[in-house]
Amino acid sequence: MTLSQFEARASSVLQNVDLQHSYRDAMDYLVERRQQQFNDPDEWYTLRKIGSSIKTKALSRLPELLLQLEATLNNNGIQVHWAETPDEANQIILQLIKETTASTPPDAHAPVVKGKTMVSEEIHLNQFLTQQGIPCLETDMGEFIVQLANETPSHIIMPAIHKSKADIAQLFKSHVSGQYQDDVDTLIQQARQHLRQRFQKATVGISGVNFAVAETGTIVLVENEGNGRMCTTLPQTHIALMGIEKVIASLTELPPLLSLLTRSATGQSITTYINMISGPRSAEEKDGPEQVHVILLDNGRSRLWEDPTFRDVLRCIRCGACMNHCPVYARVGGHTYGTTYPGPIGKILAPQLETQSSASELPFASSLCGACGEVCPVKIPIPQLLLRWRQEATGQYRSYHGSHFSATHNQPTPITGQRYSRWEHLIWKTWSWLNCHPMLYHFMTYLVTKCRVLLPRRLSGWTSYRASLVPASNTLHQRLKTHQRHTTSSKKQA
Amino acid sequence: MTSINNIYLYGTCTIDLFFPEAGIDAITLFEAHRIQVHFPSEQTCCGQPAYTSGYPEQARQVALSQLAAFPENWPIVVLSGSCAGMMKHHYQHLFPEDHPQHIQARQFSQRIIEFSEFLHHHLKITLTDYGQPVQVALHTACSARREMATLQSSQQLLSQLNNVSVVSPPYEEECCGFGGTFSVKFSNISGAMVNDKCSALEAVNIQHLISADCACLLNINGCLAKRQKTSLQGEHIASFLRHRCLPNKPYP
């Protein structure tokens, strides 16, 4: 049997003892921090109910709120751009950079600076700008490390969680300081020095958006390092990238969501910085960007939105708690998924947002333990959505329910049929037939118990980690028949 | 003592084939409390394996045959948290409102009670411990913990046993890695999970491993046996309780 790319990457991480420890220790730390924040079950129950309902309500009014947001942002002097695809978003950004830097094109000393934004990963912005000859510098510490290593984030909150201190010291030696030393504080100081010089010269800053408030035209950005504030205030032009699901109705809805986000993500009561941006520099202000642009990205979100079940995914506030608590993520790590968003939330987003073929396999790579759904601050029923993707993959969801999912769209859902195997379908048909005919079931289980010594000792996959399965000498049905405890429903009915 | 006189026992296919003693022990416990146990011979599987594999149509066929096998309006006591979870919470997805069997399925689901929950909440059983002092670990299946919330019932039952102290192994809340076909489709990840589960169990001093879910036990026992670091093998909570509380009662 050939391994898929996902399985091959998983195997390689599972054999890497150091990496296993890095992930496990980091996840344990984050789980513990979150646990300390939510040690009152009643408060947790109430707060997540509020958070979930705010997002649910906002999604039910999504088209209306987005138009309101556009109007209020415009009113505040912020320019709004709509992008349906990653390519459209990249082109808009390129155009804005060109307009701002027409006289002095960005170079390595005055690059485009970028705060942490997963949407920029989703559209592969760094790669795109590099191809255009525009250097784009990551300024979040984790993202900076990942960029030095020419990698992608392995976690949405802790992008460099897979890197050891020694790895980072080596990277800094090669790219930043020229000398190897592994004192964490010194490394951070070196990075700050390095970044500060670029901040001062940068003319374009790019950021993400955690929440956008439709009522007031405010974009909210949560961070701990201050680099986000640098990116959004120092350069002449600030470009904020957001998925369309980030909009909420009013400012009063912000505090519960912020509380859920920071406590779930890093176990902090509140982050060091919360930036609320409501316009470019006004005439009397001494600092701030001259232009602020917001790019609203769809990239598959409106298709999720149109499906009543999948709409729940769009409640996600990107806290990462589901990956921190996922026993699969803790073992295989973020890169194994091969998607922008790893872990449980990535498994349900990827089939719709990504084009990689591995996306169709991911919903199956779960024991459905439910830890993700249990900690989700906005109550996304992740296990249930994994099941739905599995049914989409085998084509059974459509054959039973019809499809409101893609019937309204011409393009096919990427996942359909990719995991469908005629062989597997046949196995389940046989299994079903057997279990629907009790006499046959009894006969087969009788055979299995009587021939148990003849059963294969090795069962691919199972026996690599476990002793072989040995059935009992008599089934429960057989034993109860002997002891006359068996009843038949047909007798009762007669 | 409550006025429950008749119950159906749902054995589950795993217990039928691999842990039949657990079924016998459960019946012994019930009968000692003057409950008449009915075990319909038409019961096979709850349909969960196909359902979680993305084949709801095949799961629905099997579920239909189960709906027909328990005609009287008695509680259906299930010897596994995850099978109980399937029948209590997921049949509604297999038989949505527009399905002809929707109401029948909903009534069926309402009669589903997990074994330890039945003993603790419905039967309000009083247990007397006749066994020697032992240390045990309780493995709770993910669905019992998160979907059925029956962890407390199992804990309460064990806390009634004077000579039994319950030890918490590291990462007690973490999944054992079974997950149905996940254990075969992603055997390397599942294998890593069950190996970690076993090393956590080996690290604590326990004489018994108890669970109310035999699918997890199939997984964990298989791995414990393969590792050969301990002779420990998990047992169903029904078997453990019967041996502790009814040591002299013969098998029915």
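Residue numbers begin at 1 in each chain, while the letters A, B, ... track the order of the sequences. All figures in this text were calculated on a predicted structure; none of them were measured in a lab.
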Quick check for you: among [options], which has the greatest number of heavy-atom pairs under 4.5 Å with chain B?
| options | result |
| --- | --- |
| A:A330, A:P471, A:G461 | A:P471 |
| A:R452, A:Q20, A:R24 | A:R24 |
| A:G373, A:P327, A:S432, A:G370 | A:S432 |
| A:P383, A:S464, A:A467 | A:A467 |

Which atoms of [X] approach chain B - backbone, side chain, both or neither, heavy atom under 4.5 Å:
| X | answer |
| --- | --- |
| A:S366 | backbone |
| A:T449 | side chain |
| A:D28 | side chain |
| A:V470 | backbone |
| A:Q384 | side chain |

Give me the atom names and distance for the closest heavy-atom approach of [X] to [Y].
| X | Y | value |
| --- | --- | --- |
| B:S41 | A:P438 | O-CB, 4.1 Å |
| A:S11 | B:N188 | OG-ND2, 2.6 Å |
| A:L476 | B:G11 | CD2-CA, 4.2 Å |
| A:V448 | B:L17 | CG1-CD1, 4.3 Å |

About how many Å separate [atom2] of [Y] and [atom1] of [X], when rounded to the nearest 0.5 Å?
| X | Y | atom1 | atom2 | value |
| --- | --- | --- | --- | --- |
| B:I189 | A:T336 | CD1 | OG1 | 7.5 Å |
| B:D16 | A:L480 | CG | CG | 8.5 Å |
| B:E42 | A:H437 | CD | NE2 | 12.5 Å |
| A:L387 | B:H90 | CG | NE2 | 6.5 Å |

For [X], is it the side chain, the backbone, both, or neither that has a heavy atom closer than 4.5 Å to a heavy atom of chain A?
| X | value |
| --- | --- |
| B:R60 | side chain |
| B:S65 | side chain |
| B:S143 | neither |
| B:F19 | neither |
| B:L94 | backbone |

Assess the residue pair B:F39 and A:H477 against the criterion (side-chain contact (heavy atoms from CB on, under 4.5 Å)); give the C-alpha distance rounded to whole Å, side-chain angles, the decisive distance to 0.1 Å, and a yes or no. CA-CA 8 Å; B:F39 188 86; A:H477 275 287; 3.4 Å; yes
Would B:V62 and A:W428 satisfy side-chain contact (heavy atoms from CB on, under 4.5 Å), going step by step from the backbone distance to the final call? CA-CA 11 Å; B:V62 173; A:W428 287 115; over 6 Å; no
Looking only at heavy atoms and a cut-off of under 4.5 Å, which of [options] has the most pairs with chain A?
| options | result |
| --- | --- |
| B:L218, B:L9, B:I15 | B:L218 |
| B:I220, B:N195, B:D196 | B:D196 |
| B:S53, B:C198, B:G177 | B:S53 |
| B:S190, B:A63, B:P56, B:S82 | B:P56 |
| B:Q66, B:Q43, B:E147, B:R145 | B:Q43 |
| B:Q58, B:E173, B:Q228 | B:Q58 |

Any salt bridge between B:E21 and A:R479, counting N to O under 4.0 Å? yes
Assess whether side-chain contact (heavy atoms from CB on, under 4.5 Å) is satisfied between A:E7 and B:K185, documenting all intermediate values. CA-CA 10 Å; A:E7 285 172 290; B:K185 280 184 178 165; over 6 Å; no
Could you check if a side-chain atom of [X] sits within less than 4.5 angstrom of a side-chain atom of [Y], using non-hydrogen atoms only?
| X | Y | value |
| --- | --- | --- |
| B:M193 | A:V328 | yes |
| B:F186 | A:V332 | no |
| A:C369 | B:E174 | no |
| A:W431 | B:C45 | yes |
| B:S183 | A:R466 | yes |

Assess the residue pair A:Y465 and B:N219 against the criterion (side-chain hydrogen bond (donor to acceptor under 3.5 Å, both in side chains)); give the C-alpha distance rounded to whole Å, side-chain angles, the decisive distance to 0.1 Å, and a yes or no. CA-CA 9 Å; A:Y465 302 93; B:N219 182 39; over 6 Å; no
Derivation of the side-chain contact (heavy atoms from CB on, under 4.5 Å) call for A:Q396 and B:Y55: CA-CA 6 Å; A:Q396 287 214 351; B:Y55 291 86; 3.4 Å; yes
Is there a donor-acceptor pair under 3.5 Å between the side chain of A:T394 and the backbone N or O of B:G54? yes
A quick test of your reading: do over 12 heavy atoms of other residues, nucleotides or ligands sit less than 6.0 Å from NZ of A:K429? no
